[in-house]
Amino acid sequence: MARTLSMKDAINEALDQEMTRDPNVIVMGEDIVGGTGSPGEADAWGGVLGVTKGLYAKHGDRLMDTPLSESAYIGAAIGAAACGMRPVAELMFIDFMGVCLDEIFNQAAKFKYMFGGKAETPVVIRAMVGAGFRAAAQHSQMLTPVFTHIPGLKVVCPSNAYDAKGLLIQSIRDNDPVIFCEHKNLYASETDVPDESYTIPFGEANVVREGGHCTIVTYGAMVHKSMEAAKELAKDGVECEIIDLRTLSPIDMDTVLESVENTGRLVCVDEANPRCSIAADVSASVSQEAFDALKAPIQMVTAPHTPVPFSPALEDLYIPSAERIASAVRKTVSH
Amino acid sequence: MSDNPFPLSRDDLLTAYRTMRTIREFEERLHTDFARGDIPGFVHLYAGEEASAVGIMAHLNDNDRIASTHRGHGHCIAKGVDVKAMMGEIYGKSTGSCRGKGGSMHIADIDKGMMGANGILGAGAPLACGAGLAAKYRGDGGVGISFVGDGASNQGMFLESLNLAAVWNLPVIFVVENNGYAESTSVDWAVACDSYVDRAAGFGLPGVTVDGTDFFAVYEAAGEIISRAREGGGPSMLECKMHRLFGHFEGDAQTYRAEGEVENLRANRDCLTQFADRVTEAGVITRAELNAIDGEVAKLIEQAVTEAIAAPLPTQTDLTTDVYVSY
């Protein structure tokens with residue numbers, strides 16, 4: 001039965017259902033229970049934004065608070081995964097990857113290949129991504145391209161509650177390390193979510209809007225900005241096809257190419273900084289694979305190549321807006 | 001034969017000697033073959049440090065996991081990784097432990113509890129915590145062992161792991177193989193505290209320092225702290241003071257060492273010689289028995305090299321397997 005659920009609650013439910021299904025699933029991170037060793041209540045926080053709230057009451061010590069020590073506990077999650085567990089480690093903010101990246105990219109990502117296929121590392125690293133929280137330069141980044149660059153990692157970034165639940169369950173069951181990016185601005189956004197367990201396969205993009213004039217390829221919170229832009233453009237008779245990639249590694253280029261063959265126009269929208277971004281990557285692939293189908297130059301709408309600014313006035317300018325997306329579409333359509 | 005004064009049976013003593021001799025022969029052979037240009041890449045030899053790997057691993061089974069270092073051949077052999085597969089790997093052949101995709105610095109055998117040699121210094125410590133966590137969660141009595149050198153003992157990953165293991169009370173042993181040099185840099189200069197026991201204490205861990213060239217000292221100390229970890233007594237640190245007989249890597253001219261240093265170590269501080277002297281002088285094992293093992297080991301290593309040279313190279317198809325996506 002489906003009911004309306006926020007993305008935050010959908011993630012909580014996915015963790016709950018997988019912990020119930022598989023005793024090898026354990027969850028660890030800073031304050032994911034909250035209050036361990038402190039005089040107040042147990043499960044004081046349930047994660048810094050409350051995503052794991054209530055799981056401790058049901059699953060007890062299978063949820064573990066950690067010291068503020070990302071290198072050690074992300075590495076421990078990876079080590080435990082190599083020993084047959086299915087840990088879900090919360091990195092809190094993706095920006096903290098700088099203090100534990102070795103364990104992710106030199107260890108987890110490489111074990112399977114480097115050991116000749118004889119190791120599996122089924123670890124999920126959950127982390128908040130994205131701007132819009134006035135959280136400034138070190139708590140707001142969209143660092144997805146850092147991880148898609150690294151072979152051996154899978155990278156997921158859902159745009160809604162339904163996808164978040166299905167993709168997280170798939171991530172936990174997957175045998176490769178998965179970087180699961182949760183846009184903090186989407187935690188409160190609601191969709192219908194079935195109460196039973198379900199998975200969404202990796203590498204299958206979702207066409208969230210059909211249209212014949214221009215393809216918009218995007219993911220995460222930018223799906224909503226793109227939908228907003230499409231609504232405006234439709235008033236002028238411009239119909240956009242919007243593709244939500246959902247997983248960035250693996251990436252579903254087939255769906256993108258099929259759409260571009262049809263529309264002949266492409267706008268790539270990415271909240272990340274532009275250089276070597278997902279937008280740049282999709283643009284390159286399309287120019288290589290579908291050059292003849294293109295009727296106009298590909299447009300990219302991304303953040304500027306700057307750190308994320310603090311001031312709300314500046315941050316609002318930093319984040320790609322529906323207006324900028326609409327303007328890029330108009331540019332390509334009028335070419 | 002006299003009464004056996006050692007804490008190991010005669011058979012176990014013979015096995016320990018055979019394993020140490022296998023490591024030595026393996027490394028001496030690589031030294032020669034590397035100099036001849038037969039071995040690609042970077043090779044870091046464990047010769048001189050055998051008593052540490054073998055004295056510790058004598059207490060472990062396949063259910064116990066180790067996270068090794070760039071100087072990992074000795075740990076692999078002591079943990080039971082197939083010597084021929086290792087040689088194949090170092091030669092970059094498809095018959096290697098990792099099908100030629102890992103090389104000397106990444107030999108692993110998960111089934112044997114060997115979680116990999118590691119090219120990143122200190123990176124194994126969190127992994128060993130994970131192994132300890134998995135063992136604790138399952139209640140299977142297993143332990144995780146993290147090996148680092150004196151150099152990597154300064155890495156944040158290692159220091160953070162000491163704290164995490166203590167906070168979570170994990171069955172993890174942190175072994176510092178102190179051979180006096182972080183690459184070319186002296187431990188006396190690069191490690192700010194005088195004693196690893198003090199450093200362990202700073203993290204709330206018991207620590208013990210032993211003469212890492214003395215197999216029996218290592219064996220005894222490791223036995224105690226591993227048993228304690230298995231019984232839920234938590235993590236410990238073990239410092240083995242030892243010497244490497246070759247350079248940091250093969251090709252290292254070792255100009256940072258004192259005149260005659262290595263010759264002196266070979267003459268007076270060789271863990272294999274010390275072991276052989278102890279067991280023969282006690283009358284438990286004869287020189288003839290040890291010589292016979294030496295001969296068998298030499299034959300094994302010769303075979304391993306011959307087979308590695310004859311083995312097929314990996315091919316184009318192998319380039320894109322064992323990873324989820326080809327782009």
Side-chain angles (χ1 to χ4, degrees), chain A residues 23-24 26 28 36-37 61-62 64-85 87 89 99-100 102-103 105-120 123 148 151-154 174-177 202-203 249-251 253 281 285, chain B residues 65 67 89 94 96-103 105-111 113 115-116 118-120 122-135 137-138 142 144 146 155-168 170 172 314 318 320-327:
Chain A
N24 286 318
I26 52 174
M28 63 181 80
T36 298
D61 292 342
R62 289 169 65 195
M64 286 171 289
D65 274 342
T66 67
L68 301 191
S69 188
E70 289 85 0
S71 227
Y73 81 79
I74 293 290
I78 289 161
C83 295
M85 304 293 290
V99 289
C100 60
D102 181 79
E103 295 291 336
F105 95 107
N106 266 328
Q107 312 299 326
K110 291 180 171 56
F111 281 169
K112 188 171 180 175
Y113 189 84
M114 194 164 71
F115 300 160
K118 291 177 197 159
E120 304 282 6
V123 66
T148 54
L153 295 180
K154 289 175 176 167
D174 198 275
N175 282 337
D176 286 312
F202 288 170
S249 271
I251 189 166
M253 279 309 298
D281 188 51
S285 288
Chain B
R65 273 41 183 255
E89 187 61 31
S94 64
S97 320
C98 309
R99 304 191 215 187
K101 290 176 174 176
M105 272 189 289
H106 306 300
I107 297 175
D109 189 339
I110 301 290
D111 293 341
M115 296 174 73
N118 210 311
I120 306 297
L127 302 175
C129 288
L133 175 65
Y137 178 74
R138 292 186 176 130
S146 154
Q155 286 281 12
M157 287 183 276
F158 177 73
L159 299 168
E160 287 189 32
S161 296
L162 297 178
N163 185 63
L164 185 72
V167 167
W168 279 353
L170 297 177
V172 176
D318 301 311
T320 49
T321 57
D322 303 322
V323 65
Y324 78 91
V325 71
S326 308
Y327 184 77

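Protein chains get the first letters and strands the later ones, always in sequence-line order, with residue 1 at the start of each.
Neither the backbone nor the side chain of B:D109 has a heavy atom closer than 4.5 Å to any heavy atom of chain A. Both the backbone and the side chain of A:P23 come within contact range of chain B, judged by heavy atoms closer than 4.5 Å. Of the two parts of B:Y137, only the side chain, counted from C-beta on, holds a non-hydrogen atom closer than 4.5 Å to a non-hydrogen atom of chain A.
Formation of a donor-acceptor pair under 3.5 Å by the B:Y324 side chain with backbone atoms of A:L153 is found in this model.
Contact count versus chain A (heavy atoms, under 4.5 Å) is highest, among B:G156, B:C129, B:G116, B:S97, for B:S97. Interface summary for chain A: among B:G96, B:G102, B:P126, B:G119, the most heavy-atom pairs under 4.5 angstrom belong to B:P126.
With rounding to the nearest 0.5 Å, the separation of SG in B:C98 from OH in A:Y113 is 11.5 Å. Separation of atoms CD1 (B:I110) and SG (A:C83) is listed at 7.0 Å; rounding is to 0.5 Å. Of the inter-residue distances, the one linking B:N118 atom CG with A:Q107 atom CD reads 4.0 Å to the nearest 0.5 angstrom. Separation of atoms CE (A:M64) and CG (B:L133) is listed at 4.5 Å; rounding is to 0.5 Å.
Residues passing the salt bridge (charged side-chain N to carboxylate O under 4.0 Å, His left out) test with A:D174 are A:K154, sequence neighbours excluded.
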Carefully, step by step, assess B:V323 and A:M114 under the rule side-chain contact (heavy atoms from CB on, under 4.5 Å). CA-CA 9 Å; B:V323 65; A:M114 194 164 71; over 6 Å; no
**Message:** Quick one, A:E103 with B:I120, criterion side-chain contact (heavy atoms from CB on, under 4.5 Å). Give me CA distance, side-chain angles, the key distance, then yes/no.
**Reply:** CA-CA 9 Å; A:E103 295 291 336; B:I120 306 297; over 6 Å; no
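By the 4.5 Å heavy-atom criterion applied to side chains, B:L127 and A:F111 are counted as neighbours.
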For residues 68-82 of chain A, dump all side-chain donor-acceptor pairs below 3.5 Å to protein atoms at least two apart in sequence or in another chain.
{"residue": "A:S69", "atom": "OG", "partner": "B:E160", "partner atom": "OE1", "Å": "2.7"}
{"residue": "A:S71", "atom": "OG", "partner": "A:V99", "partner atom": "O", "Å": "3.3"}
{"residue": "A:Y73", "atom": "OH", "partner": "A:E90", "partner atom": "O", "Å": "2.7"}

